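Only one structure is covered here, and it is reproduced in the block below.
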Amino acid sequence: MRVLYLSPSGGLGGAERALLEGIRALRSLEPSWTIGLISLDDGPLIRELRSHGADATVLPVPEVFAAAGESGRSRAATLLQLTRGAGPLAGYARAFRRAVRAWGPDLVHSNGIKTHVLGAWSQPAAPLVWHVHDYLSSRGVSARLLRHHRRAAALVLANSRSVAADVVSVLGRGTPVDTIYNAVDSGRFTPQGPRIDLDALSGLAPAGPGVVRIGIVATFARWKGHAVFLKAIAELSAAHRFRAYIIGGPVYRTGTASQVTREELEALVQTLGLKDRVGFAGFVEEPARAYRSLDIVVHASTEPEPFGLSIAEAMACGCAVVISDAGGAREIGEPERTCLGHTPGDVTDLARQVSRLLDDQRLRTRLGEAAGALVRERFTTRRFAESLRTVYARLASAHCRV
Ligand code: GLC
C-alpha cells in the first residue's frame, strides 16, 4: 500500500506531531508500506519523517498563501489575503496536482485545511482522507471552501468526538466522519527519565529546593491563552514558592493576527510584576523532558480545544494538569479524577485551581498517577496505527470495487 500524506506545515505543531506519531506507529505495524509526504513548507517534520524512511518532499507554496490563516483574522481580511494569493496559487495548484499524481498513491491523507483544498483540486486517482484537527465552524472561509469540496473526501477523520460533531454541523449530515484519538508514545512520555534545566534555559537564577514549577506548553496561537495563564499566575499568593514557565514558540507562518509574540508576553510579565517568577524556555525539541521538569501543567486555551495533545502528553508524564474544561479536552481528562478543570478564559478560576495544587502535593501525586494510567490505556500508538490501517484498507478496497 502506498500512502501519501499532505501537510500544510513542516513545523511541529500539535497536528504535525499527531501525524508523525501515527506514521511512526504505522511503520512498525506495516513495515512494507510505502509512506510519502508532500509538505507546503520545510521544517523539522520533514527531517523526522525522512529519518523514518518516508519519501518526504517540500513543494514550497507562494508566500501569500503560506501566510494566510483564519484564526484571529476577520473573514474580510482572510478573503483579501486569499484573493491576493489567487494568481500564484493557480500555477502552484497545477504543480501540486502533478506531484500527487506522479507519486501514485493508493490513498491520500491530508492533515490540514490548505491541503484539504489542494488535495481536492488535485483529484487523485485514490481515496482522499481529510484529517480535521480544528473546529471548522470557527473558520468561516475555510468552512465554506471545504463544504464546496466535501464530495472530494472519501472520509473525514476527526481528532475528537467534539470535532466530529462540528464537522457534521459544517459539512452536513451525510458527511462520512470517523473519530480517531491521537496517540501518546508511552515509551517516550514517561514519568521517569531525563529532565531539562528550565531556569538555565530561561536565563533565570537557580530556583532552589522546594520550588513548585508551573508551566504552559503550547504553540503561540493566541487562543492558547498565554495571557490568561500569566494573569492567573499573578493572582497566586506570593507566599507560595513557585516559578512559572512559558514553553514553546510560534510554529506557523500566519503572523501576529493569530499568534502572540514573545515581546508581547514579556511586556505583560513586566506589567504584572512577575519578572523574577516567570521564565521563557522557548521551543523544546523533546517535550517529555519539559513535562518531567514541571509539577503542574496548565492548559489555558480560551476557546474549546479540539483535542489537546499536550494535555495527554503531560498526563502521560505524570504531571498534575489543569485543563480548560471544554471541547475535546474533556474527552482526555476528567476533572477531579485525572486532572483539574477551569472555565475557559476565567483567570480567577484558573488561579484557584492552580492554588489547590500548589497547596497539596498529595493531590498532585494522586492526579498525576491516575492521569498516567489513563493515557497509557486509552491513547496508545498501537490503537492509533490499527485504526488508521483499518480505515485505509476499507477505503482502498471500496475504491478498487468502484
Ligand atoms: C491541533 C488542535 C489540537 C490537537 C492537535 C492534534 O493542533 O488544535 O487541539 O491536539 O491538532 O490533533
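Here the structure is a predicted model, which means the values were calculated and not measured. Read the numbers this way: they start at 1 and go in the same order the structure lists the ligands and their atoms.
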Self-check item: Gly308: numbered ligand 1 atoms lying under 4.0 Å from its heavy atoms
Solution: 3 (C), 4 (C), 9 (O), 10 (O)
Practice problem: Only counting residues at least two apart or in another chain, list the ones meeting ring-ring contact (aromatic ring centres under 6.0 Å, His included) with His299. | Solution: none
Quiz item: Would you say Asn159 and ligand 1 have an N/O pair spaced under 3.5 Å apart?
Solution: yes
Self-check item: Trp33 six-ring face occupied by Arg27 cation (under 6.0 Å, within 45°)
Solution: no
Quiz item: By number and element, which atoms of ligand 1 are closer than 4.0 Å to a non-hydrogen atom of Ala15?
Solution: 5 (C), 6 (C), 7 (O), 11 (O)
Quiz item: Just by distance, with hydrogens left out, do Thr343 and Asp349 show a side-chain donor and acceptor under 3.5 Å apart?
Solution: yes
Quiz item: When you measure from the side chain of Ser293 to the backbone N and O of Ile196, does any donor-acceptor pair fall under 3.5 Å?
Solution: yes
Quiz item: Of the backbone atoms (N, CA, C, O) and the side-chain heavy atoms from C-beta on, which set of Tyr135 has a member under 4.0 Å from an atom of ligand 1: side chain, backbone, both, or neither?
Solution: neither
Exercise. Enumerate the atoms of ligand 1 whose separation from the nearest heavy atom of Trp223 is less than 4.0 angstrom.
Key: 8 (O)
Quiz prompt | Residue Glu266 excluded, over 12 heavy atoms near CD under 6.0 Å | solution = yes
Practice problem: Would you check if there is a donor-acceptor pair between the side chains of Tyr245 and Arg213 at a distance under 3.5 Å? | Solution: yes
Quiz item: Considering distance alone, does some N or O of Leu309 sit under 3.5 Å from an N or O of ligand 1?
Solution: yes
Practice problem: Look only at interatomic distance and state if Asn182 has a nitrogen or oxygen under 3.5 Å from any nitrogen or oxygen of ligand 1. | Solution: yes
